[in-house]
Amino acid sequence: MNVTLPDGNQLELADGATGADAAAAIGPGLARVALAVRQKGEIRDLARPLLEGETLEIITPKSDGALDIIRHDAAHVLAAAVMELYPGVKISIGPPIEHGFYYDFDFPEGVTVSDADFARIEQKMGEHINADESFVREEVTVAEALERFREEGQDYKVELIEDLVADQQVQTVSLYTNGPFTDLCRGPHAPGTKRIKAFKLQSVAGAYWRGDSARQQLTRIYGTAFFSKDDLKMRMKRLELARARDHRKLGPQLGLFAFNDTAAGAAFWLPKGTTIFNSLVALSREMGTAHGYTEVKTPQLFDAELWKTSGHWFKYRDHMFVTEAEGQPLALKPMNCPGHCQLFKMQKWSYRDLPARFSEPGLLHRNELSGTLHGLLRVRHFVQDDAHIFCAPEQTLDEVKGCLNMAFETYAHFGIVPDIELSTRPENRIGEDSVWDESEGILKQALDDRELSYVINEGDGAFYGPKIDLHFTDSLDRSWQLGTVQLDFNFPERFDLTYTGADNAEHRVVMLHRALFGSYERFIGILIEDTAGELPLWLAPVQVAVLPIADRHAPAGQQVIAALDAAGLRSELDDRTESIGRKIRDAELRKLPFMLVIGDREAETGTVSVREHRRGDTGSMPAEEFVERLSHRTALRGA
Ligand SMILES: [Zn+2]
Ligand SMILES: [Zn+2]
């Protein structure tokens with residue numbers, strides 16, 4: 001038989017040859033490190049017969065997707081260890097995920113597992129890994145598999161198999177065995193457990209069977225695995241840094257916001273946090289005005305009819321908070337778009353009035369499962385810096401460019417240079433191919449005209465149109481999606497949105513969705529973690545701490561505060577009876593950008609002695625001069 005290698009060369013092998021045979025035929029070095037093969041886009045076990053005539057890529061630890069393989073291996077090893085240590089435990093599923101893996105268990109009555117048990121479980125896992133158990137795949141009939149798992153009392157596996165039969169009419173399923181442990185699994189796996197060179201269990205969480213809160217609550221154990229101990233160490237170091245910067249810790253610590261069980265998934269904004277929030281909204285408003293947007297306000301609660309028109313009632317209802325009044329179903333908006341479409345439709349539009357650019361710092365509600373909520377990053381209640389543009393087709397290019405300009409101007413205030421992704425038509429979509437050709441062309445042209453570099457995500461667009469996504473890589477190398485510019489062919493059809501053209505006929509409008517921060521909540525969470533709470537000066541809730549050296553200097557300090565207030569700068573007087581050293585240290589800990597020390601000389605001459613966070617003493621100057629300089633800096637909103 002023949003297979004094609006990535007360099008185009010043919011490799012001749014005996015009939016029925018496996019991936020391991022191919023790797024050995026290429027070279028003994030490759031055979032040693034080979035983990036699996038990729039053929040027809042699918043990663044397959046080394047031990048499986050190759051697909052004749054297809055291109056063959058040997059997967060090694062350096063290949064894309066290699067970590068997923070050993071993390072999946074590690075999930076099986078975890079389940080093997082847990083079954084040995086906790087007789088009677090039921091296993092459900094254990095996939096690799098970003099940065100690691102998990103396995104969900106149903107422990108017998110009265111048994112709880114916490115991180116205190118990790119050392120014991122890890123030791124058992126280590127035994128399985130040191131034994132270098134092979135992963136052996138077998139295809140068995142559904143009846144055989146059902147009998148096996150029923151006998152073992154593994155009800156979750158039985159349910160999974162029954163569903164596979166019902167949904168996909170499968171006749172056989174694959175099992176993987178390593179050592180004493182057998183799991184229902186599609187694979188792929190590495191040849192043996194010893195390919196896992198470093199691993200660690202990380203946390204325990206509750207998880208519902210099949211993500212359904214009406215079903216059994218399971219115990220999820222998370223872990224991670226790597227090809228080297230150094231890689232694991234690096235990951236742990238990064239996690240430690242991230243933990244120190246966790247916005248859920250820093251937010252309350254810096255007096256910005258807090259969470260409370262009385263409102264899961266919604267933040268309580270304290271005065272300082274509210275200042276940050278409002279500063280961002282103010283920036284968005286100013287930018288909007290400069291870029292020709294008009295702000296609108298649309299309702300929170302809409303009749304179900306609107307959601308039926310938009311399609312949310314059928315596709316998104318599980319994520320909406322639904323209520324009723326006088327027997328009529330209503331729902332809180334999870335998005336602003338349908339409201340803006342309705343608003344657009346309430347007026348007649350001529351081509352001369354377009355484009356219409358509606359912006360709204362809209363309060364949204366989405367019903368996320370409580371287990372998925374995460375500080376400000378995943379909430380039920382949030383405000384988006386949302387906007388929708390309704391324009392004539394020939395205006396689309398300029399509008400997309402306008403959105404990009406606004407995005408770059410906005411992000412510059414945070415020192416953010418976004419990575420750009422263009423997502424094109426997915427398999428399931430509405431709209432003619434010619435319309436997709438044109439719209440994708442418009443987005444490309446807008447990016448090319450600005451000479452921006454971008455990655456194309458083939459097939460990753462929304463079903464209703466292509467989009468440009470703007471990502472940000474933070475100081476810990478984590479990528480966050482911030483903004484989006486999306487073309488939409490769906491809503492203009494569903495809401496029948498038109499304008500009267502120069503030809504006096506009715507034409508369909510083009511709709512764009514645009515958000516730059518995403519949600520204010522999430523953006524603030526990301527900013528806090530990126531900067532470890534040291535926000536840019538213009539955004540800092542307290543910009544200046546005024547520190548009188550002794551009580552007798554407090555009146556002079558008060559005068560400086562009054563001057564700062566008058567200039568719209570945010571300051572605090574530290575008039576505690578503490579040493580100046582202590583006051584400086586406390587202000588440093590609170591990460592306040594500026595400290596003004598006032599002693600005898602300053603009080604007499606109307607000057608301030610300036611200390612800047614992280615820079616230390618920067619000399620003294622007249623108080624008015626400091627106020628003027630700082631006003632200038634904050635007005636520019638420099639990063
Ligand atoms: Zn598996
Ligand atoms: Zn929208």
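First listed ligand is number 1; within each ligand, the first listed atom is number 1. The model shown is predicted, which means the values in this text are computed figures rather than measured ones.
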Considering only N, O or S atoms, which atom of His72 is nearest to the Zn ion (ligand 1)? NE2
Restricting to N/O/S, name the atom of His513 that gets closest to the Zn ion (ligand 2). ND1
Parallel, tilted or perpendicular, as decided by the 30° and 60° cut-offs, for the rings of Phe105 and Phe107: tilted
Are there over 12 heavy-atom neighbours, none belonging to Asn130, within less than 6.0 Å of that residue's CG? yes
Evaluate whether atom NZ of Lys315 has more than 12 neighbouring non-hydrogen atoms of other residues, nucleotides or ligands under 6.0 angstrom away. no
With rounding to 10 degrees, what does the angle His388:NE2 / the Zn ion (ligand 2) / Cys337:SG come to? 100°
Please work out which of the three classes, parallel, tilted or perpendicular, describes the rings of Trp307 and Phe302, given edges at 30° and 60°. perpendicular
